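A short write-up of the structure that comes next.
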Amino acid sequence: MKMSELRKFRCVRWVVLIVACGGIVWMIISDPQAHARTSLMIVLIAVLATFGPLLIQSHIIGAAEVLLDRKCDPAALVRRGDKMKLTDRTPNNGLYRVEAVFLHRYGIALSDVGRMQDAAKVRRRIEEGLAKRQKPTMNADCTVMDMCLADLCARLGDAEAAKAYADQYQEGLKHLPESVLTKEGQDLELLGRVMLSSSAVLFLSKCGALPFDEGNVNVLDVGSRRRHLTAEARMVLAEDARRKGDLVRERKLLEQVADAAPGMRVGQLAAKRLAFYNGTGTSAGYDETLQPAEPVDVHPAVLKNYEKKN
């Protein structure tokens with residue numbers, strides 16, 4: 001069986017590090033005096049061996065995420081993720097944050113094209129990565145994984161696990177290390193607030209006052225980096241506007257959703273509702289929802305102790 005790209009990158013990184021260490025040892029033995037030029041080469045080799053594979057991996061992941069984040073093309077991301085064998089088990093030492101976020105994007109795409117069982121496998125892969133983290137308050141990684149899992153569980157219809165992860169995400173925000181309490185912490189709080197509220201409404205039919213507005217969504221939409229997220233958030237705002245009788249605002253929001261994400265279910269649903277407004281369709285779009293037909297792979301959440309000191 002072909003190895004998952006995530007595991008392959010870990011293997012490549014270890015091979016590069018071992019080869020680099022061998023080269024450094026050889027250079028030291030061949031030049032015991034360690035002249036300045038040799039020392040500089042040793043430092044350069046060490047830096048490239050440590051960060052080179054990570055930079056390459058980040059570039060590959062970033063290019064794949066663009067398929068959903070900017071192009072809103074879940075089918076394309078699914079094809080890319082399938083080739084990378086992303087549902088294979090996680091690396092033995094867990095997941096980096098960028099890997100967990102990428103798996104989350106892949107899970108979103110899988111659920112959007114109707115492959116719910118595969119999306120459930122992705123959930124388990126992220127949970128494996130979360131379970132392997134021993135110090136959840138060392139950085140924001142576990143908090144980010146909680147956020148991703150809360151969103152993915154909502155898409156799978158597992159309301160209890162979605163709530164557990166959402167609560168754990170909130171707990172993680174309270175225990176972020178001082179190094180990320182400034183802008184990164186604020187960005188993470190806003191991102192989670194919009195994402196989890198949107199998924200709860202769209203996929204679990206949660207009701208109540210929304211904890212975000214169009215201004216918050218516009219902040220996240222800068223540079224069109226998160227089109228899939230902002231499209232879903234605007235769909236929630238459109239439903240809220242309709243409940244309040246503001247049909248002009250609803251139509252404007254539906255137009256934005258349909259224009260931003262025509263390849264996603266949320267964009268297609270918005271287009272159906274717009275067709276009804278324009279007199280070219282029926283009211284069937286208001287009878288449809290994005291909720292899964294039934295919950296998929298329901299099981300307890302992976303819980304972490306954020307109170308425990310590292």
Side-chain angles (χ1 to χ4, degrees), residues 67-68 72-82 86-87 103-128 146-167 169 194-208 210 227-240 242-243 250 253-254 257-258 260-276 281-302:
L67 297 173
L68 184 68
C72 289
D73 189 348
L77 179 54
V78 165
R79 290 192 296 270
R80 183 75 61 86
D82 288 348
L86 293 180
T87 55
L103 283 173
H104 172 237
R105 299 287 202 282
Y106 181 50
I108 292 174
L110 285 168
S111 65
D112 205 75
V113 300
R115 287 173 51 182
M116 303 299 284
Q117 292 296 335
D118 286 330
K121 291 180 183 178
V122 171
R123 171 191 169 181
R124 287 188 176 270
R125 298 294 83 81
I126 301 175
E127 287 176 329
E128 288 172 4
D146 287 330
M147 178 184 68
C148 293
L149 284 166
D151 176 67
L152 197 51
C153 287
R155 294 170 190 274
L156 293 169
D158 192 343
E160 187 172 338
K163 184 180 185 307
Y165 282 123
D167 291 343
Y169 157 75
V194 174
M195 179 190 296
L196 302 189
S197 300
S198 299
S199 59
V201 171
L202 294 177
F203 305 105
L204 297 174
S205 290
K206 296 293 184 181
C207 299
L210 295 179
R227 276 193 172 182
H228 74 282
L229 169 62
T230 55
E232 291 177 347
R234 288 189 173 110
M235 189 64 165
V236 171
L237 290 170
E239 292 185 353
D240 183 63
R242 182 174 181 80
R243 283 194 297 270
E250 182 202 11
L253 288 163
L254 288 175
V257 175
M264 296 186 69
R265 290 172 60 214
V266 67
Q268 293 159 8
L269 182 58
K272 289 181 180 179
R273 295 181 179 181
L274 276 175
F276 172 66
T282 68
S283 61
Y286 286 97
D287 298 325
E288 294 182 27
T289 71
L290 299 178
Q291 298 174 59
E294 59 182 21
V296 180
D297 192 19
V298 175
H299 60 270
V302 174

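None of these values were measured; they are calculated from a predicted model. We count residues from 1, following the sequence as given.
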Say you draw a straight line from [atom1] of [X] to [atom2] of [Y]; how long is it, rounded to the nearest 0.5 Å?
| X | Y | atom1 | atom2 | result |
| --- | --- | --- | --- | --- |
| Leu290 | Met235 | CG | CE | 6.5 Å |
| His228 | Arg105 | NE2 | CZ | 5.0 Å |
| Leu237 | Glu250 | CG | CD | 11.5 Å |
| Leu254 | Glu239 | CG | CD | 8.5 Å |
| Leu196 | Cys153 | CG | SG | 10.5 Å |
| Asp146 | Asp151 | CG | CG | 12.5 Å |

remark   = By salt bridge (Lys or Arg N to Asp or Glu O under 4.0 Å), Asp73 pairs with (sequence neighbours left out) none
query = Does the distance from a Lys or Arg side-chain N to an Asp or Glu carboxylate O, for Arg125 and Glu128, drop under 4.0 Å?
reply =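 Looking at Glu128 together with Arg125, the answer is yes, because their closest N to O distance falls below 4.0 Å.
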task = In plain terms, say whether Arg79 and Asp82 are close enough for a salt bridge, that is, a side-chain N and a carboxylate O under 4.0 Å apart.
result =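 Not counted as a salt bridge, because no side-chain N and carboxylate O are separated by less than 4.0 Å.
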Mind checking whether [X] and [Y] have side chains closer than 4.5 Å, heavy atoms only?
| X | Y | value |
| --- | --- | --- |
| Val302 | Tyr165 | yes |
| Leu86 | Val122 | no |
| Tyr106 | Thr87 | yes |
| Leu149 | Glu127 | yes |
| Val78 | Asp118 | no |

message = A quick test of your reading: do over 12 heavy atoms of other residues, nucleotides or ligands sit less than 6.0 Å from CD of Glu288?
response =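 Correct, the count exceeds 12.
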remark   = Tightest non-hydrogen contact, residues Leu77 and Ala109, listed as CD2-CB, 4.0 Å
query = Can you name the nearest heavy-atom pair linking Ala150 to Ala166, along with the distance?
reply =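 Reported closest heavy-atom pair: CB-N, 3.6 Å.
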message = Check whether Tyr286 forms a cation-pi arrangement with Arg242 (NZ or CZ under 6.0 Å from the six-membered ring centre, at most 45° off the ring normal).
response =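 Yes, cation above the ring, under 6.0 Å and within 45°.
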query = Checking side-chain contact (heavy atoms from CB on, under 4.5 Å) for the pair Glu232/Val194: CA distance, chi angles, key distance, verdict?
reply = CA-CA 9 Å; Glu232 291 177 347; Val194 174; over 6 Å; no
inquiry  = Any side-chain to backbone donor/acceptor pair from Arg115 onto Leu110? Under 3.5 Å, distance only.
reply    = no
task = Output yes when a side-chain donor or acceptor of Asp158 lies under 3.5 Å from a complementary backbone atom of His299, and no otherwise.
result =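 Side chain of Asp158 to backbone of His299: a pair is present.
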inquiry  = Between Glu160 and Val298, is the side-chain contact (heavy atoms from CB on, under 4.5 Å) condition met? List the steps.
reply    = CA-CA 9 Å; Glu160 187 172 338; Val298 175; over 6 Å; no
